[in-house]
Colleague: 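Mind having a look at this structure? Questions to follow.
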Amino acid sequence: MSLTVVGSIAFDAVKTPFGERPKMLGGSAVHFALAASFFDTVRVVGPVGDDFGDPEIAVLEARGVQTADIERVAGGKTFFWSGVYGWDLNDRETLATDLNVFAEFEPKLSAQSRDCDVLFLANIQPDLQRQVRAQCADARFVALDSMNLWIDIAKESLLAAISEVDCVILNDAELRQLTEQPNLVRAAAKVLELGPKVVVAKQGEYGAALITQDGFFSLPAFPMADVHDPTGAGDTFAGGFVGYIAAHPDAPLSQELLRRAMAYGTALASYNVQEFGTERVARLTSAEIADRVAQLAEITRFTAEPLALRD
Ligand code: AMP
C-alpha cells in the first residue's frame, strides 16, 4: 500500500490577528503528506528550489514521508504564497502566489510513486494534476483539491481533471463558483455528474459535508477555543480523509467508511489550526488524533426520541 501526492511544496508568509510568520514551510502537498503519514507510506511529488533546505526535508522525513520524488531545481526558487487573515479566519486575502519552480515543472514520477494504491492531486495547476493522474493509471482511489485561482484562470483544465478522479474535495465557495450554482446540494450534484463518486465540501470553521449518490453527511469542525492560523487546514483535512481511505485497501467505499474518514480529517485539521503552518501537526501523536476522533463522536451524538408534535 502507498499513497502518492502531488501539489505545492512551498514557503508561506502568513499574518493572522494572532501572529505572523514571514517564511514558513507550507504547501498543499506538505500539509497533506504530514497528515496522511499517520495512515500510510506517503510519497511527495513536486519541485523545490535551492532555497529549500535540509531542515524542511527533515520535517517530512521525521514523519516517514518519502521525499525521493521532490525534485531540487538548481538555480530555482521554491513556490511562494503569502496571505493575510482578518478576525473572521474564514476570510483570507492572498497577497502573492509566485509559482517559481512550478512554472516549468514536468512531473516525472518514480516507479514507486506511479505504483500507488491511492493518489491525491493536491492544489496545483490542473494540467499538472492531469499529468500525474495519467502516470498513476492503476490507482484504486484518486482524489483532487483545487482553489479559486484555478477556477478563474484554468477552468476547462480543472473540469477535465475532475472528470478523471473518484473524489473532489473543495471549499463550499469554490464548489459554487465552479458549477455556477448558488445552492451547495445542487453544486455537489453537478460535480457528481462530471464523474466523481464522492464530493467533500469544506466549510472552514463550520466543518465539512460529504455528498455521494446515496447520501449526505455533515460534521462540524472540532470546537476550538484557540485558533492561531488556519493555513493548510483544508489540506490537512484531506490528508486525514484520504489517508483513512488508503488505510482500508479492502473496504468498499461505503457511507460508513467515508463518514469515519471525515472524522479523521476533521480531527487532524483541528490540530493544524492550533499553531502556525506545520508546527503543530509536525509533533502530533496518533493517540492525540484518536482522542479527538472519540470526542468528535461524542459531541455529534444525539438520539431522535419520538415526540407527538402538535399539528
Ligand atoms: P489551505 O489553507 O488548505 O487552502 O492551503 C494553504 C496552502 O496552500 C499554503 O501552504 C500554500 O502554500 C498553498 N497554496 C496557496 N495557493 C496555492 C496555489 N494557487 N496553488 C498551490 N498551492 C497553493
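Everything quoted here is computed from the prediction, not taken from an experiment. Only heavy atoms go into these numbers, but all of them, side chains included; no hydrogens, no water, no symmetry mates. Whatever order the structure lists them in is the order used to number ligands and atoms, beginning at 1.
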Colleague: How are the rings of Phe52 and Phe11 set relative to one another: parallel (under 30°), tilted (30 to 60°) or perpendicular (over 60°)?
Modeller: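 Tilted, since the angle between the ring planes falls between 30° and 60°.
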Colleague: When you look for heavy atoms under 4.0 Å from ligand 1, do you find them on the side chain of Asn123, its backbone, both, or neither?
Modeller: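 Both of them.
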Colleague: I'd like to know whether ligand 1 has Gln125 as a neighbour, heavy-atom separation below 4.0 Å.
Modeller: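 The answer is no, since Gln125 has no heavy atom less than 4.0 Å from ligand 1.
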Colleague: Looking only at side chains, do Tyr85 and Arg92 share a donor and an acceptor under 3.5 Å apart?
Modeller: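 Arg92 and Tyr85 do have a side-chain donor-acceptor pair below 3.5 Å.
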Colleague: Is it true that Ser2 and Thr41 share a donor-acceptor pair across their side chains at a distance under 3.5 Å?
Modeller: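 No pair is found: no donor N or O on one side chain lies under 3.5 Å from an acceptor on the other.
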Colleague: Among the heavy atoms of Phe79, does any lie under 4.0 Å from an atom of ligand 1?
Modeller: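 True for this residue.
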Colleague: Could you check if a side-chain atom of Glu71 sits within less than 4.5 angstrom of a side-chain atom of Phe105, using non-hydrogen atoms only?
Modeller: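 Sidechains of Phe105 and Glu71: in contact.
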Colleague: Number the atoms of ligand 1 from 1 as they appear, then name those within less than 4.0 Å of a heavy atom of Gly26, with their elements.
Modeller: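 It comes down to these atoms of ligand 1: 10 (O).
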Colleague: Using heavy atoms and a threshold below 4.0 Å, how should the contact between Asp235 and ligand 1 be classified: side chain, backbone, both, or neither?
Modeller: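 Looking at Asp235 and ligand 1, atoms from backbone and side chain both fall under 4.0 Å.
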Colleague: Is Ala122 touching ligand 1 with its side chain, its backbone, both, or neither, if touching means heavy atoms under 4.0 Å apart?
Modeller: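 No part of Ala122 comes within reach of ligand 1.
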Colleague: Under the 4.5 Å side-chain heavy-atom rule for ILVMFWY, direct or indirect, which residues accompany Val185?
Modeller: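 Result for Val185 is none, singleton.
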Colleague: Using a 4.0 Å cutoff against the non-hydrogen atoms of Gly27, which atoms of ligand 1 qualify?
Modeller: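 What qualifies from ligand 1 is 9 (C), 10 (O), 12 (O).
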Colleague: Counting only heavy atoms, which portion of Arg92 has something under 4.0 Å from ligand 1: side chain, backbone, both, or neither?
Modeller: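 It is the side chain that gets close, since no backbone atom is under 4.0 Å.
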Colleague: Does at least one non-hydrogen atom of Phe11 fall below 4.0 angstrom from an atom of ligand 1?
Modeller: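 No.
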Colleague: Over 60° means perpendicular and under 30° means parallel, so classify the ring planes of Phe32 and Phe120, tilted if in between.
Modeller: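 Judged by the thresholds at 30° and 60°, the geometry between Phe120 and Phe32 is parallel.
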Colleague: Taking only heavy atoms of Ala10, which atoms of ligand 1 are found under 4.0 Å from at least one of them?
Modeller: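 Atoms satisfying the 4.0 Å criterion: 12 (O).
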